[in-house]
Amino acid sequence: MSVEINLDRWINGTVTDLHHWTETLFSLRVEAEIPDFTAGQFTKIGLVIGDELVSRPYSFVNSPEEDFLEFYFVTVPDGPLSSQLVNLKPGDKIWVMKRPSGFLKLDEVPDSRHLWMLSTGTAIGPFLSILKMPEVWKRFEKAVLVHAVRFAEELSFQTTIETIQSKHAEKFNYIPFVSRQQVENALGGRIP
């Protein structure tokens with residue numbers, strides 16, 4: 001039995017990379033020609049599983065200026081989609097919703113001197129998308145990214161963060177929190 005996909009809403013993309021950050025944290029890179037989106041937004045990605053298209057919303061980690069799409073996710077025990085996403089390989093096909101959504105965008109942020117971005121777990125994704133945009137560095141005197149996780153191994157995207165730090169050393173602060181172990185250069189505890 002084949003599943004009918006509404007091609008007005010979905011586009012078929014191609015997986016280019018699946019990165020294993022930990023046993024449960026992954027990022028997926030996809031090549032797909034979707035319309036423009038704004039840094040901070042999300043879209044849905046999906047796979048045909050059995051006789052239906054199973055999809056979930058995921059934020060873009062990439063900026064609109066990058067030539068790939070990247071999504072950061074945690075596996076959900078017995079999750080019908082995430083349990084399949086972790087098995088994808090370069091060249092595999094995946095459905096991407098054409099129309100991005102969401103209001104976590106800079107044009108929704110009131111004017112201020114400093115931009116604070118507080119994230120836990122995979123919620124760092126849309127903030128990385130935003131921090132890659134030139135507008136942040138023109139509009140704010142400082143941008144502060146807080147990333148709270150349970151274990152040090154979950155402090156993902158360190159190379160991306162280091163790149164942002166090297167480009168904007170005077171304007172960027174990164175504050176990691178690790179709640180279940182003591183880690184040098186990270187604060188202990190949680191962010192409520």
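One-based numbering along the sequence shown. Here the structure is a predicted model, which is why all the values come from computation and not from measurement.
With sequence neighbours excluded, no residue forms a side chain to side chain donor-acceptor pair (under 3.5 Å) with His114. Taking Phe26 as the reference, His20, Phe73 meet the ring pair (Phe, Tyr, Trp, His ring centres under 6.0 Å) condition, with sequence neighbours excluded. Under the side chain to side chain donor-acceptor pair (under 3.5 Å) criterion, Lys142 pairs with no residue, sequence neighbours left out. Contacts of Ser179 classified as side chain to side chain donor-acceptor pair (under 3.5 Å), with partners at least two apart in sequence or in another chain: none. Residues forming a side chain to side chain donor-acceptor pair (under 3.5 Å) with Glu52 (at least two apart in sequence, or on another chain): none.
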Contacts table for residues 75-88: side-chain donor-acceptor under 3.5 angstrom, sequence neighbours left out:
from, atom 1, to, atom 2, distance (Å)
Ser82, OG, Val76, N, 2.9
Ser83, OG, Gly79, O, 2.6
Asn87, ND2, Ser83, O, 3.1

Which atom pairs, one a donor and one an acceptor, fall under 3.5 Å between side chains of residues 96-111 and the rest of the protein, sequence neighbours left out?
from, atom 1, to, atom 2, distance (Å)
Lys98, NZ, Leu7, O, 2.7
Asp111, OD1, Arg139, NE, 3.4
Asp111, OD1, Arg139, NH2, 3.2

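Residues in residues 20-39 take part in these salt bridge (Lys or Arg N to Asp or Glu O under 4.0 Å) pairs, two or more places apart or across chains: Arg29-Glu70. Applying the salt bridge (Lys or Arg N to Asp or Glu O under 4.0 Å) rule to pairs touching residues 147-164 yields Arg150-Glu154, sequence neighbours excluded. Applying the salt bridge (Lys or Arg N to Asp or Glu O under 4.0 Å) definition to pairs two or more places apart or across chains, those involving residues 112-128 are Arg113-Glu141. The salt bridge (Lys or Arg N to Asp or Glu O under 4.0 Å) analysis of residues 117-133, with sequence neighbours excluded, yields the pairs Glu66-Lys132. Residue pairs meeting the ring pair (Phe, Tyr, Trp, His ring centres under 6.0 Å) criterion with at least one partner in residues 126-160, sequence neighbours excluded, are Trp21-Phe157, Tyr72-Phe157, Trp137-His168.
Residues Leu131 and Thr160 fail the side-chain proximity criterion, which asks for heavy atoms closer than 4.5 Å.
The shortest heavy-atom contact between Ile94 and Gly46 is CG1-O, 3.3 Å. Across every non-hydrogen atom of Ser119 and Leu145, the tightest pair is OG-CD1, 4.3 Å. Annotation for Pro64 and Ala39: closest pair CG-N, 3.6 Å, computed over non-hydrogen atoms.
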### Task
Please report the C-alpha distance between Phe42 and Phe60 in whole Å, then the side-chain angles of each, then the deciding distance to 0.1 Å, and finally whether the ring-ring contact (aromatic ring centres under 6.0 Å, His included) criterion is met.
CA-CA 6 Å; Phe42 65 90; Phe60 295 101; 8.5 Å; no
